[in-house]
Structure formats: structure tokens, C-alpha cells
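One structure is given below, encoded as C-alpha cells.
Numbers restart at 1 for each chain; the letters A, B, ... are given by sequence-line order, proteins then strands.
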Amino acid sequence: MLGIQEAATLLGVTMRTLRFYEDKGLIAPQRAGTTRIYSKREIGRMQLILRGKRLGFSIREIKEFLDLYDVDPEHLEQVRALRARIRERIADLRKQKLAIEQTLDELLSIERQASARLEGSPVRPVHD
DNA sequence: ATTCTGACA
DNA sequence: TGTCAGAA
């Protein structure tokens with residue numbers, strides 16, 4: 001069992017973050033009076049929450065995923081739900097990727113026109 | 001000293 | 001999510 005400060009340090013977040021996710025209903029640490037106590041379960045859930053965040057899932061999606069984890073011991077329904085979300089996420093990222101590539105092409109095109117107008121001017125826009 | 005809740009120049 | 005205040 002860890003105090004909020006210890007749990008935060010272990011997870012690489014701040015106490016504020018732990019309280020934030022608690023407010024959102026993603027975790028429910030035990031209490032010793034009013035002070036929070038983080039068990040191994042909360043730590044595990046937090047790690048899943050942080051990973052979900054890194055992968056771009058919303059608080060709500062992460063919460064739904066976590067809720068299934070409790071109700072479904074075998075995690076079958078949970079895995080299906082997760083896979084569905086993963087696919088949505090992949091589709092969304094591909095969509096964004098396409099949009100980025102299109103604007104990038106457009107910008108590069110304009111950049112080329114601008115450069116042509118300046119006829120081999122020594123000033124060349126930066127590339128990556 | 002540490003944590004809690006509520007609020008936001 | 002940070003941060004500050006006022007209380008416990």
C-alpha cells in the first residue's frame with residue numbers, strides 16, 4: 001500500500017494527476033480517513049490508464065475498458081472491445097496521416113513555386 | 001510536514 | 001494538469 005506521493009513517484013505523475021483520474025472515476029483508491037491509499041490494483045490500473053493515454057484514447061474509452069476488466073474475469077469481452085477500439089484508433093490515425101500528407105504536399109508545392117519565383121536565390125527554405 | 005478539496009490572472 | 005488557498 002502506497003501513499004499518494006509514493007504512488008505518484010512510482011508512476012511518474014503528480015498527485016494532481018492521481019486525483020484527476022479518481023474524479024473521472026477511473027480509479028478508486030482506498031481511504032484511511034480522508035487520505036488515499038494506493039494498492040497494487042490501483043497502481044496496475046493507473047499503468048493501463050497512462051498507456052491508454054499515450055496511445056491516444058479518451059478518458060471515457062479508457063474507463064470503459066477498465067470497467068470491463070472488473071466485470072469480466074476472463075477478459076474476453078474486454079479484449080473484443082479493446083480490439084474494436086484499437087481498430088478505430090488505427091483508422092483515425094490513418095485518416096489524420098493522409099490529411100497531413102495532403103497539406104504537406106500542398107505546402108511543398110507552394111514552396112516550390114515561391115522558390116521558382118526567386119530564381120535560384122541563395123535563400124532556401126528549410127527542409128527536414 | 002503532508003494531504004484534502006475547490007477554484008481559476 | 002498546474003497551482004494556490006484554507007483546513008485537517
Sidechain N-carboxylate O distance under 4.0 Å for [X], [Y]:
{"X": "A:Arg80", "Y": "A:Glu77", "result": "no"}
{"X": "A:Arg31", "Y": "A:Glu22", "result": "yes"}
{"X": "A:Asp92", "Y": "A:Lys95", "result": "no"}

Rounded distance (Å) that lies between atom [atom2] of [N] and atom [atom1] of [X]:
{"X": "A:Glu22", "N": "B:dC4", "atom1": "CD", "atom2": "P", "result": "8 Å"}
{"X": "A:Ile49", "N": "C:dT1", "atom1": "CD1", "atom2": "P", "result": "10 Å"}
{"X": "A:Asp23", "N": "B:dT3", "atom1": "CG", "atom2": "C1'", "result": "14 Å"}
{"X": "A:Gln30", "N": "B:dC4", "atom1": "CD", "atom2": "P", "result": "14 Å"}
{"X": "A:Tyr21", "N": "C:dG2", "atom1": "OH", "atom2": "C1'", "result": "14 Å"}
{"X": "A:Arg19", "N": "B:dG6", "atom1": "CZ", "atom2": "P", "result": "12 Å"}
{"X": "A:Leu18", "N": "B:dC4", "atom1": "CG", "atom2": "P", "result": "10 Å"}
{"X": "A:Arg31", "N": "B:dC4", "atom1": "CZ", "atom2": "P", "result": "6 Å"}

Phosphate OP1/OP2 of C:dT1 contacted by A:Lys24 side-chain N/O (<4.0 Å): no
A:Arg89 side chain to A:Leu55 main-chain N or O, any donor-acceptor pair under 3.5 Å? yes
Winner on side-chain proximity to A:Thr14, out of C:dG2, C:dT1, B:dC4, is C:dG2
Who is the Watson-Crick or G-U wobble partner of B:dG6, with both distances under 3.5 Å?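 Across all strands, the one nucleotide that pairs with B:dG6 is C:dC4.
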Identify, between A:Gln5 and A:Arg16, the residue whose nearest nucleotide on DNA chain B lies closer to the 5' end.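 Its nearest nucleotide lies further toward 5', so the answer is A:Gln5.
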